[in-house]
Engineer: 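Can you read through this structure? Questions will come right after.
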Amino acid sequence: MAATTALLRKPVFTKVDQLRPGTSGHTLTVKVVSAKLVLQKARPDGNQVRHVRIAECIVGDDTGVIVFTARNEQVDLMKEGITVTIRNAKIDMFKGSMRLAVDKWGRVEVAEPADFIVKEDNNLSLVEYELVNVIDE
């Protein structure tokens, strides 16, 4: 039988200002600047009713802020002023701007309070990107 002890790699932490469109696998420690519930509805799922909640949260570190889309259980963790560690996050594009999101392969966890001051005047979600197709000739 093969050894099942997998070597765990230490996560490489990313700063907010290093995030780029189309990237994934990010681990960040950020403070929640604000959180606003934008969708709450019940969807039938077979014999049960599944409740769907989505919140748009401004999260950031000492390099900048970005909109984080929190879903379902993640919404409960996103309280203004707390520090969270976001693991295996990806960048989604929404109307040409970056949004940080965590799908089923990632995690959001409450962390020890961070001692940095959030740089709120560098909002990466306000930067508009344009998709440009490059044709090789």
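Just so it is clear, the values below take in all heavy atoms, side chains as well, and ignore hydrogens, waters and symmetry mates. Residues take their numbers from the sequence shown, with the count starting at 1.
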Engineer: On a heavy-atom basis, which atom in V16 and which in L124 lie closest, and how many Å separate them?
Structural biologist: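 In this case the closest contact between V16 and L124 is O-CD2, 3.2 Å.
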Engineer: Between L100 and A89, which heavy-atom pair has the shortest distance, and what is it?
Structural biologist: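 Smallest heavy-atom distance, with atoms named: CD1-CB, 3.7 Å.
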Engineer: Do V30 and I86 come within less than 4.5 Å of each other through their side chains, counting heavy atoms only?
Structural biologist: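 Side chain of V30 against side chain of I86, heavy atoms only: contact under 4.5 Å found.
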Engineer: For the CZ atom of F116 and the OG1 atom of T83, what is their distance to the nearest 0.5 Å?
Structural biologist: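 The distance works out to 6.0 Å.
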Engineer: Can you give me the closest heavy-atom contact between A35 and C57, atom names plus distance?
Structural biologist: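 Looking at all heavy atoms of both residues, the closest pair is CB-SG, 3.8 Å.
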Engineer: Hydrophobic clusters here meaning ILVMFWY residues chained together by side-chain heavy-atom distances under 4.5 Å, can you tell me if V59 and V118 are in one?
Structural biologist: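 Looking at the clustering, V118 is in a separate group from V59.
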Engineer: Is the closest side-chain heavy-atom distance between H51 and Q40 below 4.5 Å?
Structural biologist: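 No. Closest side-chain heavy atoms not under 4.5 Å.
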Engineer: Which pair of non-hydrogen atoms, one from V75 and one from A70, has the smallest distance, and what is that distance?
Structural biologist: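 Heavy atoms only, the tightest pair is CG2-O, 3.6 Å.
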Engineer: Tell me, do T29 and V84 make a side-chain contact under 4.5 Å, heavy atoms counted?
Structural biologist: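 With C-beta onward as the side chain, the pair stays apart.
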Engineer: Rounded to the nearest 0.5 Å, what's the gap from CZ on F13 to CG on L28? Could you check?
Structural biologist: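 Here the rounded value is 8.5 Å.
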Engineer: Show the nearest heavy-atom pair for residues F68 and V108, with the distance to one decimal.
Structural biologist: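 Smallest heavy-atom distance, with atoms named: CZ-CG2, 3.8 Å.
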Engineer: On a heavy-atom basis, which atom in V102 and which in Q74 lie closest, and how many Å separate them?
Structural biologist: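 Reported closest heavy-atom pair: O-NE2, 3.4 Å.
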Engineer: Between E128 and K95, is a salt bridge (charged side-chain N to carboxylate O under 4.0 Å, His left out) present by the stated rule, with each step listed?
Structural biologist: CA-CA 8 Å; E128 207 169 302; K95 295 183 180 174; over 6 Å; no
Engineer: Rounded to the nearest 0.5 Å, how far does NZ of K36 lie from OG of S34?
Structural biologist: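 One finds 8.5 Å between OG of S34 and NZ of K36.
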Engineer: When rounded to the nearest 0.5 angstrom, what distance separates CZ in R99 from CG in D92?
Structural biologist: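 Rounded to the nearest 0.5 Å, the CZ-CG separation comes out at 9.5 Å.
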Engineer: For D17, enumerate each residue passing the salt bridge (Lys or Arg N to Asp or Glu O under 4.0 Å) test, keeping only those at least two apart in sequence or located in another chain.
Structural biologist: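 For D17 there are no salt bridge (Lys or Arg N to Asp or Glu O under 4.0 Å) partners, ignoring immediate neighbours.
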Engineer: Quick check for you: to the nearest 0.5 Å, what is the distance between R20 atom CZ and T14 atom OG1?
Structural biologist: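 Output value for this atom pair is 11.0 Å.
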Engineer: Picking from K119, K15, K31, what satisfies side chain to side chain donor-acceptor pair (under 3.5 Å) with D62?
Structural biologist: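 With D62 as partner, K119, K15, K31 yield a single side chain to side chain donor-acceptor pair (under 3.5 Å), made by K15.
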Engineer: Could you grab the distance from atom CD1 of I58 to atom CD of E80, nearest 0.5 Å is fine?
Structural biologist: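 Result: 11.0 Å between the selected atoms.
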Engineer: Charged N to carboxylate O below 4.0 Å: is that the case for R53 and E73?
Structural biologist: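 Salt bridge absent between R53 and E73.
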Engineer: Find out whether I66 and M98 are in side-chain contact, i.e. whether some heavy atom of one side chain is under 4.5 Å from a heavy atom of the other.
Structural biologist: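 SC-SC contact between I66 and M98 confirmed.
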